[in-house]
Student: 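After the structure tokens below, expect a handful of questions from me.
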Amino acid sequence: MEAPHNSLAAEVDESAAPGTVTVSLAVESPEQMQALGRRIAGVLRPGDLVMLTGELGAGKTTLTRGLGEGLGVRGAVTSPTFVIARVHPSLTGGPALVHVDAYRLGGGLDEMEDLDLDVSLPESVVVVEWGDGKVEELSEDRLQVVIHRAVGDTDDERRTVTLIGIGARWAGLRGARGTLEG
């Protein structure tokens with residue numbers, strides 16, 4: 001069996017909505033997940049919505065930690081599970097990172113309104129863990145990051161990360177392949 005490697009295979013998903021671009025890659029360790037976050041940060045800009053999906057322990061917060069490092073924000077990026085949202089201001093004049101954990105929120109955007117994400121979005125990068133079905137209405141353009149890991153009793157740290165760029169903003173995702181490969 002061939003060992004997985006850290007390479008990207010960019011493709012347009014023909015069955016997806018027009019303008020959707022999919023990039024998949026293998027990640028071998030938490031350090032590589034964090035490094036991927038730093039590389040993704042290099043293509044982010046104010047107003048971007050990033051939705052993270054994956055099993056518990058898949059690496060969503062580890063990826064977000066890398067995003068925070070790449071964006072040059074203040075404060076340690078930790079899971080916002082119990083506070084729902086954390087704002088990390090930029091130390092470099094770039095966008096702030098708004099890190100949201102929607103796991104405990106049941107409803108759609110109505111329940112998210114108290115967080116004022118629609119106000120934060122234009123000048124920040126908003127990252128929402130467990131946001132499927134809850135925050136899509138915030139932006140027609142979004143980057144969905146799906147992290148797959150082996151489930152069950154295993155210490156396998158390998159992950160498959162799929163980046164799905166939705167909308168005109170992400171039409172160039174395939175062109176960012178070199179930046180993401182690292």
Side-chain angles (χ1 to χ4, degrees), residues 8 10-25 36-54 58-73 77 79-81 83-90 92-148 161-177 179-180:
L8 291 174
E11 64 210 45
V12 174
D13 182 351
E14 299 298 334
S15 65
T20 300
V21 178
T22 302
V23 175
S24 295
L25 63 146
L36 175 61
R38 287 190 298 270
R39 291 192 303 272
I40 291 172
V43 299
L44 295 176
R45 64 183 186 212
D48 282 342
L49 173 62
V50 180
M51 295 172 50
L52 304 180
T53 303
K60 296 178 296 296
T61 300
T62 300
L63 181 81
T64 306
R65 191 171 296 120
L67 290 172
E69 289 174 3
L71 292 170
V73 299
V77 175
S79 177
T81 299
V83 296
I84 309 297
R86 295 183 194 277
V87 177
H88 299 274
S90 175
T92 63
L97 172 67
V98 178
H99 184 198
V100 179
D101 187 329
Y103 183 76
R104 295 186 308 135
L105 301 177
L109 197 56
D110 290 341
E111 194 170 341
M112 302 290 284
E113 280 184 7
D114 289 341
L115 300 176
D116 288 331
L117 295 180
D118 55 334
V119 173
S120 300
L121 189 57
E123 68 271 354
S124 303
V125 170
V126 176
V127 176
V128 183
E129 297 185 27
W130 306 98
D132 289 349
K134 298 175 183 171
V135 297
E136 289 88 345
E137 295 174 32
L138 283 174
S139 178
E140 291 180 13
D141 299 312
R142 61 191 172 276
L143 180 63
Q144 291 183 292
V145 180
V146 181
I147 306 171
H148 295 282
V161 179
T162 304
L163 306 175
I164 306 164
I166 299 171
R169 159 70 176 103
W170 295 103
L173 184 60
R174 285 188 304 176
R177 180 178 179 175
T179 300
L180 297 172

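Remember, it's a predicted structure, so these values are computed and weren't measured experimentally. In what follows, every heavy atom counts, from backbone to side chain, and hydrogens, waters and symmetry copies are set aside.
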Student: Give a yes or no answer on whether the side chain of Arg142 reaches the backbone of Ile166 with a donor-acceptor pair at less than 3.5 Å.
Tutor: no
Student: Please name all residues satisfying salt bridge (Lys or Arg N to Asp or Glu O under 4.0 Å) with Arg38, sequence neighbours left out, ordered by chain then number.
Tutor: Glu69
Student: Taking the side chain as every heavy atom from C-beta outward, state whether Thr53 and Gln144 have any pair of such atoms under 4.5 Å apart.
Tutor: no
Student: Do you know the tightest heavy-atom contact between Gly54 and Lys60?
Tutor: O-NZ, 3.0 Å
Student: Using only atom types and a distance under 3.5 Å, with no angle test, would you say the side chain of Thr64 pairs donor to acceptor with the backbone of Leu67?
Tutor: no
Student: Would Val127 and Leu52 satisfy side chain to side chain contact (heavy atoms under 4.5 Å, CB included), going step by step from the backbone distance to the final call?
Tutor: CA-CA 7 Å; Val127 176; Leu52 304 180; 3.6 Å; yes
Student: If I compare all heavy atoms of Ala85 with all of Val100, which pair ends up nearest, and what's the gap?
Tutor: CB-CG2, 4.0 Å
Student: Let me confirm one number: the CG-CG distance from Leu163 to Leu36, rounded to the nearest 0.5 Å.
Tutor: 6.5 Å
Student: What closest approach, in Å, do Ser79 and Asp101 show between heavy atoms, and which atom pair accounts for it?
Tutor: OG-OD2, 3.8 Å
Student: For residues Val21 and Trp170, report the shortest heavy-atom separation together with the two atoms involved.
Tutor: CG2-O, 3.9 Å
Student: First locate atom CG of Leu71, then atom OG1 of Thr92, and finally report the distance between them rounded to the nearest 0.5 Å.
Tutor: 7.5 Å
Student: Please tell me if the side chains of Asp132 and Glu136 come closer than 4.5 Å, counting only heavy atoms from C-beta onward.
Tutor: yes
Student: Could you tell me the separation between the OG1 atom of Thr162 and the CG atom of Leu25, rounded to the nearest 0.5 Å?
Tutor: 7.5 Å
Student: Out of the candidates Thr61, Val125, Val73, only one should pair with His99 under the side-chain contact (heavy atoms from CB on, under 4.5 Å) rule; please name it.
Tutor: Thr61
Student: Of all heavy-atom pairs between Ser139 and Leu49, which one has the smallest distance, and what is that distance?
Tutor: CB-CD2, 4.2 Å
Student: Compare every heavy atom of Pro95 with every heavy atom of Ser90, then report the nearest pair and how far apart it is.
Tutor: CB-O, 3.7 Å
Student: Just wondering, do Val50 and Ile40 contact through their side chains at under 4.5 Å, heavy atoms?
Tutor: no
